[in-house]
Number of protein chains: 2
Amino acid sequence: MSNIREVARVAGVSVATVSRALSHPEKVSPASMKKVKQAIEEVNYRPNMLARNFRSAKAYSIVVLVPDIANPFFSLVIRAIEDQAQKRGYAVLLGDTQDSGAKEKEYIRLVETRLADGIIQLRPHSPDAPTNKALGLPYINLCGTEDTPGPCIRIDNVLASKNMVDYLISLDHKRIGIITGLRGNPHTMDRMKGYKQSLAEAGIEFDERLIAEGEYSIWSGVNAANKLCGLDKPPTAIMCMNDEMAIGAVQSLKSHGYAVPQDISVTGFDDIDYARYCDPPLTTISQPAEDMGKIAVDLLLRLIEGEELSKEEHVLPYDFIVRKSTDKAKEG
Amino acid sequence: MSNIREVARVAGVSVATVSRALSHPEKVSPASMKKVKQAIEEVNYRPNMLARNFRSAKAYSIVVLVPDIANPFFSLVIRAIEDQAQKRGYAVLLGDTQDSGAKEKEYIRLVETRLADGIIQLRPHSPDAPTNKALGLPYINLCGTEDTPGPCIRIDNVLASKNMVDYLISLDHKRIGIITGLRGNPHTMDRMKGYKQSLAEAGIEFDERLIAEGEYSIWSGVNAANKLCGLDKPPTAIMCMNDEMAIGAVQSLKSHGYAVPQDISVTGFDDIDYARYCDPPLTTISQPAEDMGKIAVDLLLRLIEGEELSKEEHVLPYDFIVRKSTDKAKEG
DNA sequence: TTGTAAGCGTTATCAA
DNA sequence: TTGATAACGCTTACAA
């Protein structure tokens, strides 16, 4: 494979001139430029970026850590990250952790060993995650919560959740079930907080029995809804902490003979593509996935370029989307 | 940041010994090993992989080109690719092309400039794609068709499609509509071929009017189904070339007052997660996404390591999955 | 504007 | 088993 020396030889100039022609064209005379270009053509030269990166001590790549790339909401965000990163000249290293601390660690090592310049992590902050010990590395948290230390980009989950319950209450619902994520998950805690706030404001007593724990998968939504169906007095509305669980819940309710929304209203969270096409289409919260991804990249690159952002927080607006999965409560 | 020289100095050995201690531990005496390990701890040394890669002229990373990461089937495959690549010591650079030739080119350049060692592309072969001109680079095609040149991993789309139509015919369907992808797409062509084969074998005449063109999105499935609904004699079954279009079709049929499957049967392709949870759950073809991803990585690494695989083809088995979206035809 | 040459951190060759 | 040293391809002072 041809290298810069070869080009210099063919062009009849020095390697420095070739290097300059490529990186700082303004510092090279038109005559040299032409010779260099011709030589590059002639020997079919492709700069060795491995050498350039090594020399400049930058990898021009960022790691994106995600618990599961198959989650449709995450893949939307990642698509935006990839796009913006490429525009800014960075490659995206995909780190699908599957919630494994070991995998997470390996990706952190990529940054420690200079193979990547920084990390964007999609998931709420967790105090015992390896990413916390790697502090000092350029790191941006995406989709986190208020408790996330360092720069983060998110929506206000408490508020969004409260909005949703407020809306259900405005439809005269009083027994509002909730299908949560795992108890310790910060999203779960935030969204639960909004749920409780809304109930409290409306003077509705909080009822422990109306809570069913899931873990953000469709299947867990089915199970949780089964549990709520089995109550003496099932809820007239169920708020789910994401769309997948809502889709599972709807399926479960139907199989138990309940019509959605006539008998029971169901709501989701995230507004993934399928929220719009399932039956009935889901009332849900839409997070600005594309903006989040783009902002995350821009912020991370500022960190990589040495800027200090100690606690920059971007709380983005969300959309409240009403579709057909919610209706007036049957009973007063 | 500390380097190998620093470690050598602290350990009181030469840089060569430190390097060997890390890469070829068996060539180092226990005594030196111990000193090196201590020194590494002491100065908190992390090898600079940028330098290692440069020196060894390998990036230890592969590019995965995908038309759209938000497609659930692709994300399943990518998850498997990431997992296997990490196990083999390679990083995955995500290239979401959005069907843009320009983006595709930039990722090919990553390989040409040594920043990546090879490419796995998820999508059928297309004669005018930039990836074809980049021949000579380690390249594996995934989810392609029979026409794909070079090593590829796929299922037999013609056969799978024929199986599906055979099944519908066995349920007494005779007017079987088909919602296709874009006409020129090799998957579309293969699956259409299977459709026609099955009809021909059953002695059912091919009817141009029963074809509706989509482009593999939910929305296009809605549109295509709208068209089929408008026929004088709508089909009694509709085979869709992927699950997304099937989900869209089901929604359209319902909104036109048709019950699925009582009035019209619908089938999908790919068996994405939602196929199982939509209403009704889809009869579909399941592709072995995980095996495909794993095999692709193993094959690509063989190419990267210099092996010749000129035309290795892996045609994997698929599963035929019967769920509730198909039923006996109403009329004889 | 151009060329010479040092140096980035590692690995590998060779000699001891 | 170890150490000295050249080399990988590029960028960039510095000198001309």
Side-chain angles (χ1 to χ4, degrees), chain A residues 1-40 43-61 89 109-117, chain B residues 1-40 42-61 89 109-117 305:
Chain A
M1 203 36 94
S2 55
N3 58 23
I4 204 173
R5 229 179 312 272
E6 174 84 354
V7 176
R9 195 181 54 73
V10 171
V13 299
S14 72
V15 291
T17 300
V18 177
S19 175
R20 278 188 289 254
L22 292 169
S23 321
H24 310 282
E26 75 282 1
K27 294 184 174 175
V28 166
S29 72
S32 299
M33 197 63 187
K34 197 177 154 199
K35 283 190 284 181
V36 169
K37 281 200 168 153
Q38 276 180 351
I40 285 177
V43 304
N44 190 29
Y45 170 70
R46 296 279 180 285
N48 181 335
M49 298 286 200
L50 244 28
R52 181 203 62 164
N53 288 359
F54 162 56
R55 172 63 225 231
S56 59
K58 280 197 59 175
Y60 294 99
S61 70
R109 188 144 239 276
L110 243 43
V111 182
E112 291 176 338
T113 59
R114 325 298 225 302
L115 238 40
D117 302 312
Chain B
M1 201 37 92
S2 55
N3 59 23
I4 203 172
R5 230 178 311 274
E6 174 85 353
V7 175
R9 195 182 53 73
V10 172
V13 298
S14 72
V15 292
T17 300
V18 177
S19 175
R20 276 188 293 254
L22 291 168
S23 322
H24 311 282
E26 75 283 1
K27 293 185 173 175
V28 166
S29 72
S32 299
M33 197 65 189
K34 197 179 153 198
K35 284 189 285 182
V36 169
K37 281 201 168 151
Q38 276 179 352
I40 285 176
E42 196 176 325
V43 303
N44 189 31
Y45 170 70
R46 295 279 181 285
N48 181 333
M49 298 289 201
L50 245 27
R52 182 201 60 161
N53 289 358
F54 162 55
R55 171 64 221 222
S56 59
K58 280 197 60 175
Y60 293 98
S61 71
R109 187 146 238 275
L110 245 41
V111 182
E112 290 177 339
T113 59
R114 323 300 224 300
L115 240 39
D117 303 312
E305 280 151 18

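No hydrogens, no waters, no symmetry mates; every other heavy atom, side chains included, goes into these values. Residue numbers begin at 1 in each chain, while the letters A, B, ... track the order of the sequences.
- For A:Ser14, the side-chain atoms get nearest to C:dG3 when compared with the rest of C:dG3, C:dT1, D:dG3.
- B:Tyr60 has its OH atom 12 Å from the C1' atom of C:dT10, to the nearest Å.
- When atom types are taken as modelled, the side chain of A:Thr17 and the backbone of A:Ser32 share no donor-acceptor pair closer than 3.5 angstrom.
- A donor-acceptor pair shorter than 3.5 Å cannot be found between the side chains of A:Asn53 and A:Arg55.
- Summarising the geometry, the separation between NZ on A:Lys58 and C1' on C:dC8 is reported as 16 Å, rounded to the nearest angstrom.
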Scoring nucleotides 8-16 of chain D by protein non-hydrogen atoms under 4.0 Å (B base, S sugar-phosphate only, - none) yields BBBBBB---

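- Side-chain contact between A:Leu115 and B:Leu50 is present, with heavy atoms from C-beta onward closer than 4.5 Å.
- Distance alone, capped at 3.5 Å, is enough to place a donor-acceptor pair between the B:Ser2 side chain and the B:Val43 backbone.
- The main-chain N or O of A:Val15 is never found under 3.5 Å from a side-chain atom of A:Ser19 such that the two would form a donor-acceptor pair.
- Counting heavy atoms from C-beta on, the side chains of A:Val36 and A:Val13 come closer than 4.5 Å.
- Atom NZ in B:Lys27 sits roughly 12 Å away from atom P in C:dT11 (whole-Å rounding).
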